[in-house]
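To start, the structure itself, in structure tokens.
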Amino acid sequence: MKNAVFFVTLLLFLGCGSYNSIDSFYEAHKNDNQVTAFRVPQFMFTLVSEISPEMKSLVGNTRDLRYMKFPSTTVSQTRFLNNQMNNFGAGSFIEVFRKNDDTKRNIVSIREKRDVVKEILIYKNDNISGSFLYFNGNFDPAKVRKLANDNAFDGFTNGLLPQMNLGTPRNE
């Protein structure tokens, strides 16, 4: 009986916790209306790395790269998306940059393992659209902090969409 209770508790814990992962968020929202979502396949990292010299060095260590853009035209929708992204920060992500302007958000969060950044999550919401850019790999923490402080991730996002033949971002 104790084993059954432990097993059910473990399943509930894992089931609730998994919603706050990039995979579950991506899967839950990629089919939403007016959403642009893509994962960059490994063979296309060479194209993506040509956006800038800084991104070339960053992309060279990337194993997974995802982007998602979604409408955020109502206050309730914006708050919902902001809360979703805040849930990632409440886990094992560490915020290295945040700018709040009422409900507008610009956040860069990382997940570390010892002295290496393993994941980078960039979230932006301007009350017209929200977006996230996600990297998984092995990254130099000093380089990530410099890119965040210099707003280089914005330039990367603006260059990423044309490279993927998806047009130019609006209000990004």
Side-chain angles (χ1 to χ4, degrees), residues 9-30 37-70 72 79-101 103-126 130-161 163-164 169 172:
T9 304
L10 182 64
L11 283 176
L12 286 173
F13 176 74
L14 292 174
C16 294
S18 67
Y19 185 72
N20 291 332
S21 74
I22 296 298
D23 286 331
S24 61
F25 182 84
Y26 188 86
E27 290 300 318
H29 297 289
K30 72 180 184 183
F38 63 86
R39 287 180 86 165
V40 177
Q42 287 287 322
F43 74 91
M44 292 194 76
F45 282 156
T46 304
L47 290 173
V48 172
S49 69
E50 299 304 317
I51 293 170
S52 73
E54 296 85 9
M55 289 302 142
K56 184 172 189 163
S57 65
L58 183 67
V59 170
N61 298 315
T62 302
R63 288 189 304 266
D64 187 12
L65 176 58
R66 302 178 201 198
Y67 175 81
M68 184 175 277
K69 181 177 176 182
F70 24 79
S72 184
R79 285 191 177 134
F80 171 76
L81 293 169
N82 288 346
N83 287 334
Q84 290 280 297
M85 289 300 144
N86 285 337
N87 287 337
F88 291 123
S92 56
F93 276 92
I94 300 165
E95 283 186 16
V96 294
F97 177 82
R98 175 183 277 264
K99 182 178 179 185
N100 295 338
D101 182 10
T103 56
K104 294 179 181 179
R105 297 285 184 272
N106 193 353
I107 303 168
V108 178
S109 299
I110 62 169
R111 188 175 283 169
E112 299 175 303
K113 185 172 184 181
R114 284 178 248 139
D115 60 347
V116 175
V117 173
K118 301 301 269 181
E119 296 174 85
I120 306 168
L121 177 64
I122 298 98
Y123 171 67
K124 188 173 186 177
N125 195 322
D126 61 9
S131 66
F132 84 78
L133 179 61
Y134 170 78
F135 296 87
N136 182 310
N138 294 310
F139 311 104
D140 177 7
K143 191 178 295 185
V144 172
R145 186 173 246 334
K146 182 175 179 353
L147 291 170
N149 288 338
D150 296 345
N151 286 328
F153 289 113
D154 282 345
F156 182 75
T157 302
N158 292 336
L160 182 62
L161 295 178
Q163 286 284 8
M164 299 300 295
E172 292 260 30

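These numbers come from a predicted model, not from an experiment. Only heavy atoms go into these numbers, but all of them, side chains included; no hydrogens, no water, no symmetry mates.
Expressed to the nearest 0.5 Å, how far CG of N82 lies from CG of N125 amounts to 5.0 Å. Between atom CD of residue E95 and atom CD1 of residue I110 there is a gap of 11.0 Å, rounded to the nearest 0.5 Å. L133 CG to K69 NZ: the interatomic distance, rounded to the nearest 0.5 Å, is 13.0 Å.
Not counting sequence neighbours, the partners of K146 by the side-chain hydrogen bond (donor to acceptor under 3.5 Å, both in side chains) test are D150. Under the rule for a salt bridge (Lys or Arg N to Asp or Glu O under 4.0 Å), K118 has no partner lying at least two apart in sequence or in another chain. Shown here are the salt bridge (Lys or Arg N to Asp or Glu O under 4.0 Å) partners of R145, two or more places apart in sequence or in another chain: there are none. Here D64 pairs with R39, R66 under the salt bridge (Lys or Arg N to Asp or Glu O under 4.0 Å) rule; sequence neighbours left out. K30 meets the salt bridge (Lys or Arg N to Asp or Glu O under 4.0 Å) test with E27; sequence neighbours excluded. For Y123, there are no ring pair (Phe, Tyr, Trp, His ring centres under 6.0 Å) partners two or more places apart in sequence or in a different chain. By the side-chain hydrogen bond (donor to acceptor under 3.5 Å, both in side chains) test, N100 is found to be paired with R98, R105, residues two or more places apart in sequence or in another chain being considered.
Between F80 and H29, the ring planes are perpendicular. Angles over 60° get that label, and only those under 30° would be called parallel.
Using a 4.5 Å heavy-atom cutoff, the side chains of I122 and F97 are not in contact. The shortest distance between side-chain heavy atoms of N106 and D126 does not fall below 4.5 Å. Here the side chains of N138 and R63 are in contact, with some heavy-atom distance below 4.5 Å.
In summary, the aromatic rings of F132 and F25 are positioned with their centroids under 6.0 Å apart.
Of all heavy-atom pairs between Y26 and A37, the closest is OH-C, 3.6 Å. Pairing each heavy atom of S72 with each of G130, the nearest pair is CB-N, 3.9 Å.
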